[in-house]
Amino acid sequence: MTDTETETGTEFESFQSLPEAVKRGVEDLGWKEPMPVQRRVIPMMLARRDLIVQAITGSGKTGAFGLPIVQNLNAERRETQALVLAPTRELAGQICKEITIMGLHAGVDTIAVYGGTAYGPQLDAFARGVHVVVGTPGRILDHLKSGKLVLDNVKVLIIDEADELLSLGFWPDMKEIGRFLPSDRQTGLFSATMPERVRSLARFFLRDPEFISLTEGGVRSPEEIEHYHYIVSAQEKESMLLRILQYEEPDSAIVFCNTRDDVRYLTRYLQRNELDADAIEGGMTQVAREKVMARIKAGELRFLVATDVAARGIDISDLSHVISYSSSDSPEVYLHRTGRTGRAGRTGTAISLISGLDIGNFRNMQNVNRMVIPERPIPSAPDVAGRVRQRVQVRLEHDLRELGERERELRQRRYLPLVEELAADAEGRLELAMVLGAYLASPRREAASPAAEPADAAPPARDHERKGGGRKRRPRRRGPRG
């Protein structure tokens with residue numbers, strides 16, 4: 001894949017250049033002047049170029065891809081011509097609402113497709129021939145596998161908030177959706193951040209894309225390791241680490257401490273909070289150390305807490321995160337720590353927890369290593385709860401899809417009355433919480449990120465069977481772009 005930053009040149013200057021029907025939709029939205037992302041992106045979208053766009057949420061992205069979609073599609077053809085993938089139900093609904101208004105006077109029909117809503121209206125829309133489908137990957141894949149949604153005539157695919165889609169675990173569903181898409185489509189990928197896993201996603205879906213960045217600091221070359229830090233008080237470090245782990249949901253991580261006492265304390269704290277954590281530190285017996293090492297080599301340990309000295313020589317394959325619970329003693333130590341992730345072309349994340357006494361050394365480390373490590377706000381308790389709920393929804397949609405329709409109906413009839421009974425009192429809600437915790441703790445066997453696969457890992461097209469009828473769809477000659 002060749003990424004090139006677009007040169008400053010032709011820009012979309014005014015909504016007045018739009019077709020009259022589309023312009024009326026813009027007036028209904030109350031938009032007066034194009035936003036920067038719209039000025040840069042709309043000309044490239046109208047030229048049907050594949051795009052990678054780095055822009056933050058709230059920058060006007062929906063208009064940047066929505067207006068060209070509405071202008072370019074043929075409203076007289078009652079078929080799905082554009083597909084927009086979004087990470088959450090709320091975002092899908094918001095995008096659908098805006099595109100609906102944009103296309104209202106042009107006769108463009110748009111529907112939001114996501115879990116938690118009735119199938120009936122969605123099936124009716126597919127039957128009459130809806131032009132634009134906006135939704136989360138799980139529910140869209142449900143309709144594709146049932147044969148109710150057909151993407152043979154899709155001209156534009158938009159992947160919005162790509163980093164969030166991957167963080168929530170949607171990669172397997174997105175990869176499967178790629179099998180249903182024509183290869184001659186236009187694809188636009190939008191993301192607030194551009195770590196290597198997002199670049200890998202682009203290599204799977206896009207062809208020779210243009211790269212447009214509207215974030216502060218301009219375009220940076222892709223890096224295999226994403227670095228950032230949180231400012232925390234020393235008294236709340238362990239509780240804030242727990243919150244960050246619950247929000248980030250790392251596949252595997254080493255958590256570095258500077259002292260043996262911190263390693264022991266933090267390991268016990270994580271274990272008490274039901275995280276799969278163990279320790280390596282210099283005061284351990286050889287038998288205890290070998291037991292932990294055996295779990296590491298078998299890929300059975302998720303979180304290793306260690307001192308820098310004790311962790312020497314330990315190699316955890318596919319390590320996704322390195323976390324500095326204690327600030328490193330020197331700039332060189334920081335590089336040694338973070339160099340344990342992002343190996344062999346894979347993506348990695350390096351997180352630092354910085355308290356007041358650490359700030360001076362942390363700034364010096366960045367100066368010496370010529371790095372700029374951005375700060376992120378600590379996720380709030382509602383942020384964590386919302387994130388966990390989204391992951392539960394993604395996983396449930398995936399697991400329910402593996403069941404036949406009859407089995408789903410049987411389970412619903414069998415267990416829904418029990419769930420309603422349990423939810424009626426505090427003791428029952430506690431029992432439901434225990435069941436949910438056990439469900440989330442059970443392993444899910446699938447690729448978590450496209451960065452873990454070869455860059456040319458686009459799967460071959462294959463036949464799809466309609467559930468219920470037992471008939472095969474016609475062979476597909478098209479597949480996602482590698």
Side-chain angles (χ1 to χ4, degrees), residues 54 56 163 192-197 213 215-245 247-248 250 252-267 269-270 279-283 303-316 319-343 346-379:
Q54 185 172 4
I56 61 174
D163 48 358
T193 62
M194 204 57 60
E196 176 58 23
R197 65 181 184 274
S213 176
T215 58
E216 185 176 352
V219 179
R220 295 183 297 175
S221 60
E223 297 178 355
E224 293 176 346
I225 304 175
E226 184 180 14
H227 301 256
Y228 52 91
H229 73 279
Y230 296 96
I231 299 296
V232 301
S233 69
Q235 294 77 17
E236 295 181 315
K237 253 192 178 181
E238 67 274 11
S239 61
M240 291 301 100
L241 173 63
L242 178 63
R243 183 180 295 183
I244 291 165
L245 292 177
Y247 186 84
E248 292 278 344
S252 57
I254 293 182
V255 183
F256 282 103
C257 300
N258 289 343
T259 68
R260 298 179 185 177
D261 288 342
D262 280 349
V263 168
R264 294 165 183 162
Y265 169 77
L266 186 60
T267 302
Y269 178 83
L270 295 178
I280 288 284
E281 45 88 8
F303 298 113
L304 175 67
V305 186
T307 59
D308 292 287
V309 173
R312 288 177 184 173
I314 295 176
D315 184 25
I316 301 179
L319 183 68
S320 67
H321 285 62
V322 168
I323 301 171
S324 292
Y325 176 80
S326 307
S327 183
S328 54
D329 293 331
S330 71
E332 292 79 10
V333 169
Y334 180 84
L335 294 180
H336 284 304
R337 287 180 177 181
T338 59
R340 292 175 174 273
T341 187
R343 294 180 175 180
R346 295 183 174 91
T347 184
T349 301
I351 300 174
S352 298
L353 274 62
I354 305 300
S355 61
L357 296 176
D358 300 325
I359 291 176
N361 285 337
F362 189 67
R363 288 175 178 167
N364 178 64
M365 179 276 294
Q366 294 178 77
N367 290 333
V368 171
N369 291 333
R370 297 181 180 180
M371 306 174 69
V372 176
I373 301 177
E375 179 185 354
R376 288 191 178 179
I378 295 175

Mind checking whether Leu335 and Met371 have side chains closer than 4.5 Å, heavy atoms only? yes
Does the side chain of Pro250 come within less than 4.5 Å of Thr349's, by heavy atoms? no
Decide yes or no for Phe303 and Leu245: does some side-chain heavy atom of the first lie under 4.5 Å from some side-chain heavy atom of the second? yes
Sorted by chain and residue number, the ring pair (Phe, Tyr, Trp, His ring centres under 6.0 Å) partners of Tyr228 (sequence neighbours excluded) come out as Tyr230
Which residues share a ring pair (Phe, Tyr, Trp, His ring centres under 6.0 Å) with Tyr325, sequence neighbours left out: none
Is there a side-chain contact between Val305 and Cys257, using heavy atoms and a 4.5 Å cut-off? yes
Within the structure provided, determine whether Tyr334 and Ile373 are in side-chain contact (heavy-atom separation under 4.5 Å). yes
Does the Ser320 side chain pair with the main chain of Ser252, one donor and one acceptor, at a distance under 3.5 Å? yes
Stepwise, does the side-chain hydrogen bond (donor to acceptor under 3.5 Å, both in side chains) test hold for Glu236 with Ser239? CA-CA 5 Å; Glu236 295 181 315; Ser239 61; 5.3 Å; no
Of all residues at least two apart in sequence or in a different chain, which pass the salt bridge (Lys or Arg N to Asp or Glu O under 4.0 Å) check with Arg260? none
Would you indicate whether the side-chain heavy atoms of Thr338 and His227 approach each other to under 4.5 Å? yes
Donor-acceptor contact below 3.5 Å, side chain His229 vs main chain Pro374: yes
Side chains of Ser324 and Arg337: is there a donor and an acceptor less than 3.5 Å apart? yes
Less than 4.0 Å between a side-chain N and a carboxylate O, is that true for Lys237 and Asp358? yes
Do Asn258 and Asp308 come close enough that some side-chain heavy atom pair is under 4.5 Å? yes
Quick check against the 3.5 Å criterion: does Arg243 have a side-chain atom that pairs as donor or acceptor with the backbone of Pro379? yes
Does the side chain to side chain contact (heavy atoms under 4.5 Å, CB included) test come out yes or no for Ile323 and Ile244, once each step is laid out? CA-CA 10 Å; Ile323 301 171; Ile244 291 165; 5.9 Å; no
